[in-house]
Amino acid sequence: MTKSAKQEIGQRLLAAFREAGAAEIAPDILLDAATLLDLYGEDIRARAYVTTDPVRGEVVLRPDFTVPVVQTHMDGGAEPARYCYLGEVFRKQDHGDTRPAHPRDNEYLQAGFELFARDAEADAEIFALFHRLLQPYGLHAAMGDMDILLDAIRALPVSEARRAALLHHVWRPIRFARLLARFSAPVAPRDLADSGAPWTGLRTGPEMEARLATLAAEADLPPLSAEWTDRLTRLFAIDAPAPEALRQLRALAQDIPAIAEAVERLSSRLDQIAGRGIDPATIRFEASHGRESMEYYDGMSFAFTADRADWPPVASGGRYDALTAQLGAGRAIPAVGGIIRPGLLAELEASC
């Protein structure tokens with residue numbers, strides 16, 4: 001697929017975003033690595049291209065647009081604000097992926113729209129905009145809600161340290177499952193006495209001492225009961241057309257009352273989407289949707305996918321309120337946005 005074909009579609013999307021009220025923005029390709037490392041920890045090195053500049057220090061090839069757009073807005077943007085952009089992003093292949101690198105995996109064009117507004121219908125606005133632009137391509141729409149999962153984890157009867165660990169790893173399903181299994185089993189006492197060996201590794205002595213104290217305290221903690229493990233498993237497994245998923249969530253809220261408020265917000269969002277001419281029954285709600293994306297989604301997430309087994313989503317997005325607080329130096333504003341990959345749309349158009 002030629003770059004000109006991708007750019008042509010990208011420019012069409014950009015024009016549509018501008019018509020929807022967005023101001024075009026062009027963040028730098030090289031980003032300060034410290035910001036991304038503070039947000040995601042060392043895990044970002046496995047997904048982004050990190051290098052060292054003799055003047056700027058560690059820098060990252062732009063893995064996506066959301067973080068630099070949020071930084072720009074939080075430096076002085078007005079409310080409400082809508083931004084759009086078009087440009088290249090760069091991602092490493094996943095570890096263990098033996099396929100030859102495909103251009104769509106490592107470097108690809110993104111067109112995106114970000115909305116900063118204290119508007120109860122912002123989620124529905126973004127979803128409906130993407131739905132309208134992508135409708136001609138026959139894609140499948142899916143939605144999730146990290147808010148529901150996060151509220152369920154916060155409700156677990158576990159220690160603060162265990163709750164924090166589960167919340168931190170919810171976006172890493174394999175690690176999360178291992179932690180949940182560990183916290184659901186009795187802890188065998190361990191001798192963590194000082195052996196006299198020197199500290200090694202990147203953590204400081206006080207950090208490692210605090211970690212050892214946490215591990216020692218775990219021996220006295222009761223395991224998470226099987227009924228709570230079962231409730232979480234049932235929640236994560238919900239995958240159905242949105243109206244049926246809503247029914248299942250309301251039933252599960254009888255056992256996990258902490259999710260009831262978020263479930264009703266989902267119901268209101270689906271009503272708003274229906275009010276924009278989209279049948280909620282055509283949207284698949286996947287409770288675990290968004291758990292393998294960038295960690296900043298903390299509310300609604302969505303994706304539009306094609307009938308291509310080896311393809312990533314053609315479009316994706318979601319709500320990331322907490323990210324604005326992290327980058328806003330004490331100031332925060334609700335935010336939601338999404339991206340479309342023009343290269344994949346170009347391939348779909350070429351195959352018609």
Side-chain angles (χ1 to χ4, degrees), residues 3-29 62-89 104 108-139 141-143 269 272-273 275-278 283 293-294 296-297 299-306 312-321 323-324 333-349:
K3 284 192 174 182
S4 61
K6 300 174 187 179
Q7 278 288 342
E8 180 182 348
I9 292 176
Q11 290 298 330
R12 291 206 313 255
L13 294 170
L14 204 59
F17 289 152
R18 286 195 295 262
E19 288 176 8
E24 188 174 351
I25 189 171
D28 292 339
I29 290 179
R62 185 173 59 208
D64 77 350
F65 280 87
T66 302
V67 169
V69 171
V70 171
Q71 287 179 306
T72 300
H73 177 77
M74 300 312 289
D75 283 343
E79 298 181 21
R82 292 168 173 80
Y83 301 100
C84 62
Y85 46 81
L86 177 68
E88 301 286 342
V89 296
R104 75 165 69 100
Y108 54 89
L109 197 62
Q110 267 191 8
F113 186 104
E114 311 291 338
L115 169 58
F116 298 80
R118 305 177 193 278
D119 181 353
E121 295 209 13
D123 290 355
E125 176 186 336
I126 291 290
F127 185 86
L129 172 62
F130 277 59
H131 188 279
R132 175 174 62 81
L133 294 176
L134 297 170
Q135 193 168 24
Y137 296 93
L139 304 177
M143 181 182 291
R269 184 182 312 126
Q272 293 163 359
I273 288 172
R276 294 170 184 263
I278 302 168
I283 306 168
S293 59
M294 298 295 274
Y296 44 67
Y297 293 136
M300 177 195 72
S301 63
F302 66 85
F304 290 85
T305 57
V314 175
S316 59
R319 175 164 289 280
Y320 50 89
D321 294 354
L323 183 62
T324 70
I333 180 174
V336 59
I339 63 95
I340 300 174
R341 295 173 65 148
L344 297 184
L345 294 184
E347 291 188 49
L348 288 173
E349 289 188 4

* Kindly write out the residues that satisfy side chain to side chain donor-acceptor pair (under 3.5 Å) with Gln11, not counting sequence neighbours, or none if the list is empty. =>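 None.
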
Say whether [X] and [Y], considering side chains only, have a donor N or O and an acceptor N or O under 3.5 Å apart.
X	Y	answer
Tyr137	Glu349	yes
Thr66	Tyr320	no
Tyr85	Glu114	yes

Kindly give the heavy-atom pair with the smallest separation between [X] and [Y], and that separation in Å.
X	Y	answer
Phe130	Ala315	CD2-CB, 4.2 Å
Leu323	Val70	CD2-CG2, 4.1 Å
Leu133	Ala16	CD2-CB, 3.6 Å
Leu14	Glu24	CD2-OE2, 3.3 Å
Gly338	Phe302	CA-CZ, 4.2 Å
Leu13	Pro342	CD1-CG, 4.1 Å

To the nearest 0.5 Å, tell me how far [X] [atom1] sits from [Y] [atom2].
X	Y	atom1	atom2	answer
Gln110	Ser316	CD	OG	7.5 Å
Ser4	Ile9	OG	CD1	10.0 Å
His73	Ile333	NE2	CD1	4.5 Å
Arg132	Ile278	CZ	CD1	10.0 Å
Phe127	Ser301	CZ	OG	10.5 Å
Leu109	Lys6	CG	NZ	8.0 Å

Is the shortest side-chain heavy-atom distance between [X] and [Y] below 4.5 Å?
X	Y	answer
Val336	Phe116	no
Gln272	Asp123	no
Tyr83	Phe113	no
Met143	Ile273	yes
Arg276	Glu121	yes
Pro312	Leu344	yes
Arg341	Leu345	no
Leu348	Leu139	yes

* Asked: With no hydrogens and no angle check, is any side-chain donor or acceptor of Thr305 less than 3.5 Å from a backbone partner on Pro313?
  ->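 Looks like no, no N/O pair under 3.5 Å.
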
* Output yes when Glu88 and Arg62 qualify as a salt bridge under the 4.0 Å nitrogen-oxygen rule, no when they do not. =>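 Judged by the 4.0 Å cut-off on N to carboxylate O distance, Glu88 and Arg62 do not form a salt bridge.
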
* Test Arg12 against Gln7 for side chain to side chain contact (heavy atoms under 4.5 Å, CB included), laying out the working first. => CA-CA 9 Å; Arg12 291 206 313 255; Gln7 278 288 342; over 6 Å; no

* Go through the steps to decide whether Phe17 and Ile340 satisfy the test side chain to side chain contact (heavy atoms under 4.5 Å, CB included), and finish with yes or no. => CA-CA 11 Å; Phe17 289 152; Ile340 300 174; 4.1 Å; yes

* To do: Output every pair passing salt bridge (charged side-chain N to carboxylate O under 4.0 Å, His left out) with a member in residues 66-77, not counting sequence neighbours, ordered by first then second residue.
  => none

* **Chi angles and distances behind the side chain to side chain contact (heavy atoms under 4.5 Å, CB included) call for Phe65, Ile339** => CA-CA 9 Å; Phe65 280 87; Ile339 63 95; 5.8 Å; no

* **Contacts of Asp321 that satisfy salt bridge (charged side-chain N to carboxylate O under 4.0 Å, His left out) - sequence neighbours left out** => Arg319

